[in-house]
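In what follows, every chain begins at residue 1, and chains take the letters A, B, ... in the order their sequences are listed. All values below come from the heavy atoms of this structure, side chains included, with hydrogens, waters and symmetry mates left out.
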Amino acid sequence: MEYLEGLNEPQREAVLHGEGPLMIIAGAGSGKTRVLTYRIAHLIYHGVDPFRIMALTFTNKAADEMRKRIETVVGTEARNVWMGTFHSVFARILRIEATKIGYTSQFSIYDTDDSKSLIRSILKELNLDDKVYRVNNVLHRISSAKNNLISADAYAANTEFRADDEASRVPEMGRIYKTYQDRLRKSNAMDFDDLLFNTNVLFRDHLDVLNKYQQKFHYVFVDEFQDTNISQYLITKKIASVYQNICVVGDDAQSIYAFRGANIQNILNFQRDFPDATVVKLEQNYRSTQNIVNAANSVIARNKSQLQKNVWTANETGNKIEMVRAASDNEEGSIVANAIFEEKMLHQRTNGEFAILYRTNAQSRAFEEALRKRNIKYRLVGGVSFYQRKEIKDLIGYLRFTINQNDEEAFKRIINLPKRGIGDTTVARMVVAATENNLTLWEVVNNPKHFLGDRLSAPIENFTILIKSFHATSVIKDAYETAAQVAKASGLLKELHEDKTVEGLARYENVQELLNAIKEYVDNPQNEDKSLSAFLQSVSLLTSADDDKDDKSEKVTLMTIHSAKGLEFKHVFIVGMEEDLFPSQMMLSSMADLEEERRLFYVAITRAEHKLTLSYAETRYRFGRLQSCEPSRFLKEIDPAYIKNATGSFEQERNTSFVKNLTTRKAPPLALNGHAPSANFVPSDTSALAAGMKVEHPKFGFGVVKAVDFSTPDKKAKIQFEQVGEKTLLLSFAKLMIH
DNA sequence: GACTCAAGTCTTTTT
DNA sequence: GACTTGAGTC
């Protein structure tokens with residue numbers, strides 16, 4: 001058993017632990033994945049049937065990685081482990097048992113965009129102001145209700161929620177939740193949270209089904225246990241309750257998904273629910289240098305709520321942490337790109353050894369530009385992923401509707417695509433007709449004369465004929481052949497092909513790319529079910545971190561800290577270390593939120609193996625305006641002993657080693673009429689503009705102010721633009737620059 | 001209903 | 001900066 005060699009004592013104990021519940025508290029870089037994979041491999045090696053092992057992770061990537069590693073120890077048998085994300089494993093179970101809870105196995109999975117769009121239509125139908133009922137807020141509320149296993153009915157009946165909603169001036173929340181749920185059911189669709197919620201319902205109401213899975217899975221593994229929510233924990237607890245062989249691995253210091261319902265309490269509850277659980281702590285860090293480990297510890301020590309843990313390392317002391325102050329976000333980009341260039345030259349590093357981590361996806365731009373300028377290849381993880389693109393969602397929409405003709409969101413997406421002369425008004429009429437007559441959407445669509453009159457019948461009938469032919473194909477052909485037919489016969493490909501613009505070409509290629517991906521899926525011998533619905537299932541649960549195909553060794557990685565969890569890099573740059581950005585201002589409404597942001601910082605620091613650089617910009621564009629920024633409070637929380645050249649406090653650091661990277665900030669522009677504007681922008685105060693002034697508009701270029709209209713509520717100016725000729729435009733001030 | 005342009009709005013993290 | 005909304009026109 002050579003795989004046991006090189007393990008330290010607690011690691012070995014965790015791998016060799018026999019029957020019974022086990023909780024592994026694994027510090028950052030302590031070889032958690034290694035222990036988990038070896039433990040599973042060890043079980044299989046000793047005769048446990050892989051079919052009887054369930055292993056749950058948060059990303060498909062983590063699952064694939066683990067499966068591969070197990071395979072290297074025990075061979076292809078590893079493929080039979082039920083391994084995947086919570087959502088994908090439970091979706092698999094729900095497909096099998098769908099009819100027991102009133103769905104068919106062809107149910108659609110709504111992504112966040114679908115959910116939001118559905119909420120938007122419901123708000124409209126219920127005549128509710130979407131300025132009061134913010135879509136994001138509504139969705140978040142429904143989501144947390146589901147994650148805490150509160151059904152729509154329970155929500156409406158609960159006096160506490162009602163009082164809460166009344167107080168926040170959103171008394172109709174319960175009704176929205178109920179309508180939303182009805183519509184999902186009618187569409188034979190589940191959102192992400194439903195996959196967990198409905199699994200709970202299934203196991204609660206059908207003990208025979210629960211029993212089946214309890215008997216099936218002798219061993220249950222949960223990775224990233226600190227990020228599970230109540231709903232997830234309850235399911236795993238139930239499944240494991242017969243054999244009691246549940247193994248959870250987590251690190252409370254790395255819990256960063258409370259906003260999604262993750263509950264650190266689960267770690268404490270575990271010991272309550274399984275009183276005879278063995279607890280193993282992995283505290284030796286193998287990843288990072290002493291300076292990095294110690295710096296991370298000095299930060300996380302400020303959090304009040306945490307488990308006792310002592311993460312240490314036997315690695316070398318290593319480089320001290322560098323701090324960089326930049327004058328602007330663009331300069332921050334240049335400095336980081338230059339540093340990467342220099343490091344590569346001096347220390348023979350490859351691009352793949354660098355990562356740039358930021359708090360929000362929007363921050364990537366400056367770094368992309370700077371890297372591109374220096375011909376340094378990079379890969380962007382997250383952001384607008386392939387499967388989020390419009391043309392991809394369009395084709396997927398067609399495919400979804402081919403499988404499930406009650407999928408309302410897919411219907412809305414494709415009914416007028418390519419243009420059939422069926423606008424939003426008509427769609428809304430059909431949805432209302434379905435709701436009022438208690439029919440499915442498909443039934444309405446199949447009877448257009450009755451519900452819409454003659455004029456609209458012809459195009460709709462053509463549409464239903466098309467869908468029926470697609471459906472017939474999907475029954476006998478595989479996913480690829482069906483998708484190819486749909487792309488062609490729907491007219492999607494043709495429309496994109498005729499678009500000769502650069503973007504049009506790219507979109508056409510993207511659709512081809514999707515077809516290639518489907519072909520790949522069909523050709524892959526590991527996928528037994530080659531039907532369209534099987535493919536859709538696999539695609540709907542992809543995460544943004546999953547679709548990077550290109551090999552990463554040659555590229556610098558750019559991503560949010562959230563998606564960096566579980567990864568490691570030789571040299572890490574944590575950028576945008578500014579107050580209000582990180583910690584995020586939006587996030588900070590309580591002490592608990594600050595602690596979560598701090599854990600996020602901890603996660604970021606502990607990604608670094610050998611070198612860590614922190615940077616912030618003094619000015620940055622936000623809300624379309626240049627703003628000045630303060631360094632993040634987190635910078636001052638690192639023990640200065642681990643910071644390069646720091647003689648005492650971070651404040652002193654600013655005046656010494658920072659100097660090399662400091663460029664003087666441009667002098668602020670002259671004050672206009674006694675007003676000090678931010679950058680060159682006109683303040684929203686009308687008195688700053690006067691007739692005869694030369695101004696620049698981002699779109700129209702230079703122009704001369706003819707008159708200023710003080711009476712309009714949005715403070716507009718009549719401006720004559722040189723490029724537009726004599727035409728005078730009425731524009732608001734916000735985008736004007738004065739010269 | 002489709003299209004265009006300008007103004008307005010909103011910025012977190014993700015299965 | 002990116003995206004949505006609204007008004008105006010055909």
How about His87(A) and Ile109(A): do any of their side-chain heavy atoms sit closer than 4.5 Å? no
As a test of reading the structure: which of dT14(B), dT12(B), dG1(C) is closest to the side chain of Glu369(A), going by heavy atoms? dG1(C)
Contact check, side chains of Phe601(A) and Arg359(A), non-hydrogen atoms, under 4.5 Å: no
Which nucleotide wins on minimum distance to the side chain of Arg359(A), given the candidates dT14(B), dT15(B), dT12(B)? dT12(B)
Figure out the NZ/C1' separation between Lys393(A) and dC3(C), and round it to whole Å. 15 Å
Check the geometry between Phe259(A) and dT13(B) and answer yes if their rings are stacked (centres below 5.5 Å, planes below 30°), otherwise no. yes
Mind checking whether Ile574(A) and Phe634(A) have side chains closer than 4.5 Å, heavy atoms only? no
Please report the distance, rounded to the nearest Å, between CG in Asp64(A) and P in dT15(B). 14 Å
Nearest listed nucleotide, side chain of His562(A), among dT14(B), dA2(B), dG1(C): dT14(B)
To the nearest angstrom, the CG-P distance between Asn147(A) and dT15(B) comes to 14 Å
Students often get this wrong, so: under 4.0 angstrom with heavy atoms, is Ser88(A) touching a base, only sugar-phosphate, or nothing? nothing
Under 4.0 angstrom, heavy atoms only, what part of the nucleic acid is Asp111(A) near: base, sugar-phosphate, or nothing? nothing
Checking Gln254(A) against Asp227(A): is there a side-chain donor and acceptor pair closer than 3.5 Å? no
Candidate nucleotides dA2(B), dT15(B), dT14(B), ranked by approach to the side chain of Tyr257(A) - the nearest: dT14(B)
Given dG1(C), is OP1 or OP2 found less than 4.0 Å from the side-chain N or O atoms of Arg365(A)? yes
Using a cut-off of 4.0 Å on non-hydrogen atoms, how would the nucleic acid contact of Phe86(A) be classed: base, sugar-phosphate, or nothing? nothing
Assert: residue with more 5' nearest nucleotide on DNA chain B, out of Leu196(A) and Ile422(A), is Ile422(A)
Residue whose nearest DNA chain B nucleotide is more 5′ - Ser584(A) or Thr112(A): Ser584(A)
Nearest heavy-atom pair of Ile460(A) and Val445(A): which atoms, and what distance? CG2-O, 3.4 Å
Grab the NZ-P distance between Lys390(A) and dC3(C) for me, whole Å please. 13 Å
Measure from CZ on Arg420(A) to P on dG1(B) and round the result to the nearest Å. 15 Å
Asn416(A) vs dA2(B): side-chain N/O to OP1/OP2 distance below 4.0 Å: yes
Arg365(A)/Glu369(A) ion pair, N-O < 4.0 Å: yes
From the candidates dT15(B), dC10(B), dT13(B), the one with an atom nearest any side-chain atom of Thr360(A) is dT13(B)
Phosphate contact (dT14(B) OP1 or OP2) by Asn361(A) side-chain N/O below 4.0 Å: yes
Roughly how many Å is it from CG in Leu56(A) to C1' in dT15(B), rounded to a whole number? 13 Å
Spacing of Arg599(A) atom CZ relative to dT13(B) atom C1', expressed in whole Å: 13 Å
Measure from CG on Leu123(A) to P on dT5(C) and round the result to the nearest Å. 12 Å
Any side-chain N or O of Lys565(A) below 4.0 angstrom from OP1/OP2 of dT13(B)? no
So does Thr425(A) get a side-chain nitrogen or oxygen closer than 4.0 Å to the phosphate oxygens (OP1/OP2) of dG1(B)? yes
Any side-chain N or O of Thr560(A) less than 4.0 Å from the OP1 or OP2 oxygen of dT14(B)? yes
